[in-house]
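The structure under discussion appears below in the form of structure tokens.
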2 protein chains.
Amino acid sequence: MDFGVENMLKISELSQQTGLSAHTLRYYEKHGLINASNRSEAGYRFYTDSDVRRVQFVKTARNTGFSLADIGQLLSIRVDKLSHSCQDVTDITQKKLLEVNAKLAELQSMQQTLELLLESCCGGPENATHCSIMEALDAGLSREDKNEARLIK
Amino acid sequence: MDFGVENMLKISELSQQTGLSAHTLRYYEKHGLINASNRSEAGYRFYTDSDVRRVQFVKTARNTGFSLADIGQLLSIRVDKLSHSCQDVTDITQKKLLEVNAKLAELQSMQQTLELLLESCCGGPENATHCSIMEALDAGLSREDKNEARLIK
DNA sequence: ATTGACCTTAGAGTTAGCTCTAAGCTTATA
DNA sequence: TATAAGCTTAGAGCTAACTCTAAGGTCAAT
Ligand SMILES: [Zn+2]
Ligand SMILES: [Zn+2]
Ligand SMILES: [Zn+2]
Ligand SMILES: [Zn+2]
């Protein structure tokens with residue numbers, strides 16, 4: 001009856017293999033991303049090799065930056081590749097790249113502003129009455145002025 | 001008695017001037033960042049010029065990437081510059097820059113991975129049975145392998 | 001006097017992705 | 001057999017920064 005239970009993993013073993021916590025694995029299951037193909041009579045989850053590969057796919061996609069919703073889509077492609085095209089895959093990937101690029105631009109702008117602020121300030125122990133960082137934040141930064149210009153007209 | 005009420009702003013007027021919603025302004029007040037120096041008899045908030053400048057400082061700092069907690073610290077320096085040093089200011093700014101740099105590195109890694117994935121896939125209408133993006137996610141990406149290597153030993 | 005726009009408050013809901021708790025079984029070891 | 005470690009579930013809590021709702025008071029114009 002219970003043929004092949006030996007090479008299946010319990011949740012803590014899967015956790016160790018993947019580096020994802022048991023909590024997270026159950027969370028992914030609750031959200032429809034993964035599943036344990038088998039359960040013991042007591043209800044313990046048992047993961048097959050195929051289950052493990054699916055979890056590793058999820059982890060890899062997660063590390064690549066995909067949201068759990070994205071991963072849900074990628075997984076439905078994965079289980080039925082015949083019904084999906086390469087374009088379906090690139091659409092998801094391209095969308096993610098655009099998001100990443102947008103965040104990058106925002107962070108680069110912040111980085112530049114912060115570096116300029118740090119260059120302008122002595123960083124010394126004297127009091128901050130004439131601190132150029134405080135002055136700059138009080139004056140409204142030039143980057144922000146540009147954004148403001150959009151709103152005015 | 002109510003001298004000078006004329007040049008004060010109601011919350012919706014401040015909202016228009018700053019581009020922050022009235023909800024957000026009340027939220028900032030609840031969290032101790034800003035305040036209306038005066039209230040009408042009915043309890044309406046009235047903002048002085050000084051209040052407005054403080055709100056604009058908050059907005060500028062927010063646009064620069066500072067968290068509301070950071071801004072709370074910057075504001076307490078702002079109201080008592082004599083008791084604080086330039087170093088106090090650069091400490092906050094430097095810490096923020098480090099955070100931004102860390103996020104940048106993460107996003108740049110994602111960007112690179114996503115670009116490589118997109119280069120490898122034809123993106124065409126044929127079915128996804130041999131899609132190289134799916135293969136790469138199944139195999140575990142090389143970037144991830146590097147991270148894994150850290151864990152192994 | 002009656003709209004309707006604006007203001008007040010406390011507090012709930014949103015987002016994403018976990019992270020943890022409580023209460024109670026199960027399993028392995030001593 | 002007792003103890004500890006591990007498993008189960010539902011559901012609460014966390015983070016940050018809003019965003020919105022409900023129920024009601026205020027104000028200007030008609
Ligand atoms: Zn200085
Ligand atoms: Zn300074
Ligand atoms: Zn293809
Ligand atoms: Zn492809």
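Every chain is numbered from 1 and lettered A, B, ... according to where its sequence line falls, protein lines coming before strand lines. Reckoned from all heavy atoms, side chains included, excluding hydrogens, waters and symmetry mates. In this text the structure is predicted, and so the values were computed from the model without any measurement.
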[X] [atom1] to [N] [atom2], straight-line distance once rounded to whole Å:
{"X": "B/Glu41", "N": "C/dT8", "atom1": "CD", "atom2": "P", "result": "15 Å"}
{"X": "A/His23", "N": "C/dA22", "atom1": "NE2", "atom2": "C1'", "result": "11 Å"}
{"X": "B/Glu13", "N": "C/dA5", "atom1": "CD", "atom2": "P", "result": "17 Å"}
{"X": "A/His31", "N": "C/dA16", "atom1": "NE2", "atom2": "C1'", "result": "9 Å"}
{"X": "A/Leu20", "N": "C/dC18", "atom1": "CG", "atom2": "P", "result": "8 Å"}
{"X": "B/Asp70", "N": "D/dA17", "atom1": "CG", "atom2": "C1'", "result": "13 Å"}
{"X": "A/Leu25", "N": "D/dC7", "atom1": "CG", "atom2": "C1'", "result": "13 Å"}
{"X": "A/Asn63", "N": "C/dG17", "atom1": "CG", "atom2": "C1'", "result": "14 Å"}

#### Entry: Contact check, side chains of A/Ser85 and B/Glu126, non-hydrogen atoms, under 4.5 Å
no
[X] side chain, from C-beta outward: closest of [options]:
{"X": "A/Tyr44", "options": "D/dT26, D/dC18, C/dC25", "result": "C/dC25"}
{"X": "B/Thr24", "options": "D/dC18, D/dC7, C/dT8", "result": "D/dC18"}
{"X": "A/Tyr27", "options": "C/dC7, C/dG17, C/dT26", "result": "C/dG17"}
{"X": "B/Ile11", "options": "C/dT8, C/dT27, D/dC27", "result": "C/dT8"}

### Summary
Per nearest nucleotide of DNA chain D, the residue lying toward the 5' end, B/Ser67 or B/Ala42, is B/Ser67
### Task
Please tell me which of A/Lys10 and B/Lys10 maps to the more 5' nucleotide of DNA chain D, matching each residue to the nucleotide holding its nearest heavy atom.
A/Lys10
### Query
So, are A/Lys96 and A/Glu99 salt-bridged, with charged N and O less than 4.0 Å apart?
yes
### Task
Could you tell me whether A/Arg45 and A/Asp51 make a salt bridge, using a distance below 4.0 angstrom between a side-chain N and a carboxylate O?
no
Does [X] place a side-chain N or O at less than 4.0 Å from the phosphate oxygens OP1/OP2 of [N]?
{"X": "B/Arg39", "N": "C/dC7", "answer": "no"}
{"X": "B/Arg45", "N": "C/dT8", "answer": "yes"}
{"X": "A/Ser12", "N": "D/dC7", "answer": "yes"}
{"X": "B/Arg62", "N": "D/dA17", "answer": "yes"}

### Task
Please answer whether the main-chain N or O of A/Ser120 pairs with a side-chain N or O of A/Ser132 as donor and acceptor at a distance below 3.5 Å.
yes
### Message
Counting the atoms with a prime plus P, OP1 and OP2 as sugar-phosphate, which does B/Arg26 contact under 4.0 Å by heavy atoms, base, sugar-phosphate, or nothing?
### Response
base
### Message
Considering every strand and a 4.0 Å limit on heavy-atom distances, what is the contact class for A/Ser21: base, sugar-phosphate, or nothing?
### Response
nothing
### Message
In this structure, would B/Leu68 and B/Val100 fall into the same cluster of hydrophobic residues linked by side-chain contacts under 4.5 Å?
### Response
yes
### Query
Do the side chain of A/Tyr28 and the base of C/dG17 come within less than 3.5 angstrom through a donor-acceptor pair of N or O atoms?
no
### Message
Test side chain to side chain donor-acceptor pair (under 3.5 Å) on A/Asn63 and A/Thr60; report intermediate values, then the result.
### Response
CA-CA 5 Å; A/Asn63 286 343; A/Thr60 301; 5.8 Å; no
